[in-house]
Visitor: 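Below is one structure. I have some questions about it.
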There are 2 protein chains.
Amino acid sequence: MADNTTWTALASADPEHACPISPVVDIVFSRWTTPILWTLNADGRQRFVELQRRITTITPKVLTQRLRQLERDGMIVRTYYPEVPPRVEYEISELGRSLAPLFAHLAEWATTNLDKVEHARNDYDTDSAQ
Amino acid sequence: MADNTTWTALASADPEHACPISPVVDIVFSRWTTPILWTLNADGRQRFVELQRRITTITPKVLTQRLRQLERDGMIVRTYYPEVPPRVEYEISELGRSLAPLFAHLAEWATTNLDKVEHARNDYDTDSAQ
DNA sequence: CAGTATCCCGGGCGATACTG
DNA sequence: CAGTATCGCCCGGGATACTG
């Protein structure tokens with residue numbers, strides 16, 4: 001971490017993954033993380049229930065788990081207000097916001113290539129079916 | 001897909017995910033796919049065993065599963081040579097190669113921010129420990 | 001070589017119920 | 001409101017052994 005070796009060198013130094021982006025993938029693209037980060041970035045600071053309402057299919061337990069993980073990784077900031085009833089607000093951190101261009105890049109790739117994937121799937125399925 | 005509504009509009013149109021990049025994530029960042037795509041892109045066309053040797057911890061069963069999935073999604077091309085012994089070669093497709101800038105972007109984010117994540121984790125762990 | 005065929009297991013995730 | 005607490009299941013993934 002202290003040396004400036006190239007990424008290819010690091011990749012070969014980690015034969016287990018053979019892929020320098022694997023660590024990032026684990027952090028950013030584990031389950032439910034992209035919806036959470038996306039909403040917090042797009043819709044701003046929100047409370048627990050608001051997140052639940054936007055990401056409709058997530059259960060409170062799993063939402064808590066993912067929020068804790070994202071907080072630990074420094075991607076989001078949790079603020080607790082000791083009121084009655086208690087209030088908690090989540091907002092994206094600067095580090096989390098630094099992913100925005102990457103997400104935009106991803107969204108752009110999706111617009112131009114998602115239908116190609118769909119097409120490839122249809123081809124594959126019809127070909128192997130006959 | 002035919003309209004040009006903004007991404008935020010599309011996001012709200014899919015409340016289940018509330019995240020327009022979720023489909024891409026499922027395709028590109030499911031388990032083992034980034035090492036496979038990375039190697040095929042960086043080291044070129046390869047045979048089954050070569051992939052196995054580079055991605056040391058993957059089992060043949062799972063490697064087959066992921067290769068089939070990537071082939072179906074049009075990300076890689078499988079070529080079978082009916083020789084004795086049989087030979088199969090995998091190479092990245094044009095669609096798969098279109099991810100290269102994205103992966104580079106990801107690698108760049110990693111170089112500048114991975115240590116911040118590490119730092120945040122240390123802070124979180126020490127703070128919640130005391 | 002390039003895969004299948006089984007068996008099996010852990011844990012991530014979901015569903016439900018409950019608390020300060 | 002903002003979560004915990006429990007239970008249980010499914011299935012993706014690993015280990016191992018075998019085939020054309």
Side-chain angles (χ1 to χ4, degrees), chain A residues 15-19 22 25-36 39-40 43-73 76-91 124 128, chain B residues 15-19 22 25-37 39-40 43-73 76-92 124 128:
Chain A
E16 170 141 352
H17 296 106
C19 179
S22 287
V25 173
D26 291 342
I27 295 167
V28 178
F29 299 105
S30 55
R31 189 126 212 251
W32 294 116
T33 56
T34 51
I36 294 173
T39 322
L40 287 178
D43 306 322
R45 139 190 287 247
Q46 285 166 75
R47 311 177 62 163
F48 191 87
V49 248
E50 297 181 280
L51 288 169
Q52 243 188 315
R53 271 193 281 264
R54 284 182 204 277
I55 309 166
T56 52
T57 52
I58 200 172
T59 59
K61 192 192 74 171
V62 177
L63 180 56
T64 306
Q65 287 176 346
R66 295 277 82 94
L67 286 172
R68 289 287 180 282
Q69 181 188 326
L70 287 169
E71 188 194 2
R72 188 174 106 99
D73 291 346
I76 66 176
V77 179
R78 177 183 185 270
T79 314
Y80 175 75
Y81 299 92
E83 308 169 354
V84 180
R87 181 163 57 98
V88 174
E89 289 188 349
Y90 294 92
E91 62 182 327
Y124 186 92
S128 53
Chain B
E16 170 143 350
H17 296 106
C19 179
S22 287
V25 172
D26 290 341
I27 294 167
V28 179
F29 298 105
S30 56
R31 188 125 213 250
W32 294 115
T33 55
T34 50
I36 294 173
L37 288 175
T39 322
L40 287 178
D43 305 323
R45 140 190 287 247
Q46 284 167 77
R47 310 177 64 163
F48 190 87
V49 249
E50 296 181 282
L51 288 169
Q52 242 189 316
R53 271 192 281 265
R54 283 182 204 277
I55 309 165
T56 52
T57 53
I58 200 171
T59 59
K61 191 191 77 172
V62 177
L63 180 56
T64 306
Q65 286 176 345
R66 295 278 83 93
L67 286 172
R68 290 286 181 282
Q69 181 188 325
L70 286 169
E71 187 194 2
R72 187 175 106 99
D73 291 345
I76 66 175
V77 178
R78 177 182 185 270
T79 313
Y80 176 75
Y81 300 92
E83 308 169 351
V84 180
R87 183 163 55 100
V88 174
E89 288 188 349
Y90 294 93
E91 62 182 328
I92 199 160
Y124 186 92
S128 54

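When reading the values below, keep in mind they use all heavy atoms of this one structure, side chains included, and skip hydrogens, waters and symmetry mates. Proteins get letters first, then strands, A, B, ... in listed order; numbering begins at 1 in each.
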Visitor: Quick one: salt bridge (charged side-chain N to carboxylate O under 4.0 Å, His left out) partners of A/R45, sequence neighbours excluded?
Guide: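 A/E89, A/E91.
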Visitor: Take the protein atom CZ of B/R66 and the nucleotide atom C1' of C/dA2, then report the distance between them rounded to whole Å.
Guide: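 The answer, rounded to whole Å, is 18 Å.
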Visitor: If we fit an axis to the first five pairs and another to the last five of the helix from C/dC1-D/dG20 to C/dG20-D/dC1, what angle do they make, to the nearest 10°?
Guide: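 Result, rounded to 10 degrees: 50°.
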Visitor: In whole angstrom, give the distance that lies between atom CD of B/Q46 and atom C1' of C/dA2.
Guide: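 Taking CD of B/Q46 and C1' of C/dA2, I get 15 Å after rounding.
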Visitor: Applying the side chain to side chain contact (heavy atoms under 4.5 Å, CB included) test to B/W32, which of B/L67, B/T57, B/L70, B/L63 qualifies?
Guide: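 Going through the options one by one, the only one that passes is B/T57.
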Visitor: For B/Y81, answer base if it contacts any base atom (sugar-phosphate contacts may also be present), sugar-phosphate if it contacts only those atoms, and nothing otherwise; contact means non-hydrogen atoms under 4.0 Å.
Guide: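 Here B/Y81 touches no strand at all.
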Visitor: Taking only residues two or more places apart in sequence, or in another chain, which ones meet B/P86 in a side chain to side chain contact (heavy atoms under 4.5 Å, CB included)?
Guide: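 B/Y80.
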Visitor: Tell me, for nucleotides 15-20 of chain C in 5' to 3' order, what letter each nucleotide earns: B for a base near a protein heavy atom under 4.0 Å, S for only sugar-phosphate near one, - for neither?
Guide: B----B
Visitor: Just jot down the side chain to side chain contact (heavy atoms under 4.5 Å, CB included) partners of B/Q69, sequence neighbours excluded, or say none.
Guide: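 In terms of side chain to side chain contact (heavy atoms under 4.5 Å, CB included), with neighbours along the sequence ignored, B/Q69 is linked to B/S30, B/R66, B/D73.
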Visitor: Can you list the residues that meet the ring-ring contact (aromatic ring centres under 6.0 Å, His included) rule with A/Y90, with sequence neighbours excluded?
Guide: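 So A/Y90 forms no ring-ring contact (aromatic ring centres under 6.0 Å, His included) with any residue.
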Visitor: Tell me every residue that passes side chain to side chain contact (heavy atoms under 4.5 Å, CB included) with B/R31, counting only those two or more places apart in sequence or in another chain.
Guide: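 B/R31 satisfies side chain to side chain contact (heavy atoms under 4.5 Å, CB included) with no residue once adjacent residues are dropped.
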Visitor: Provide, to the nearest angstrom, the distance between the CG atom belonging to A/L63 and the C1' atom belonging to D/dG3.
Guide: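 The answer, rounded to whole Å, is 10 Å.
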Visitor: Please name all residues satisfying ring-ring contact (aromatic ring centres under 6.0 Å, His included) with A/F29, sequence neighbours left out, ordered by chain then number.
Guide: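 A/F29 satisfies ring-ring contact (aromatic ring centres under 6.0 Å, His included) with B/F29 only.
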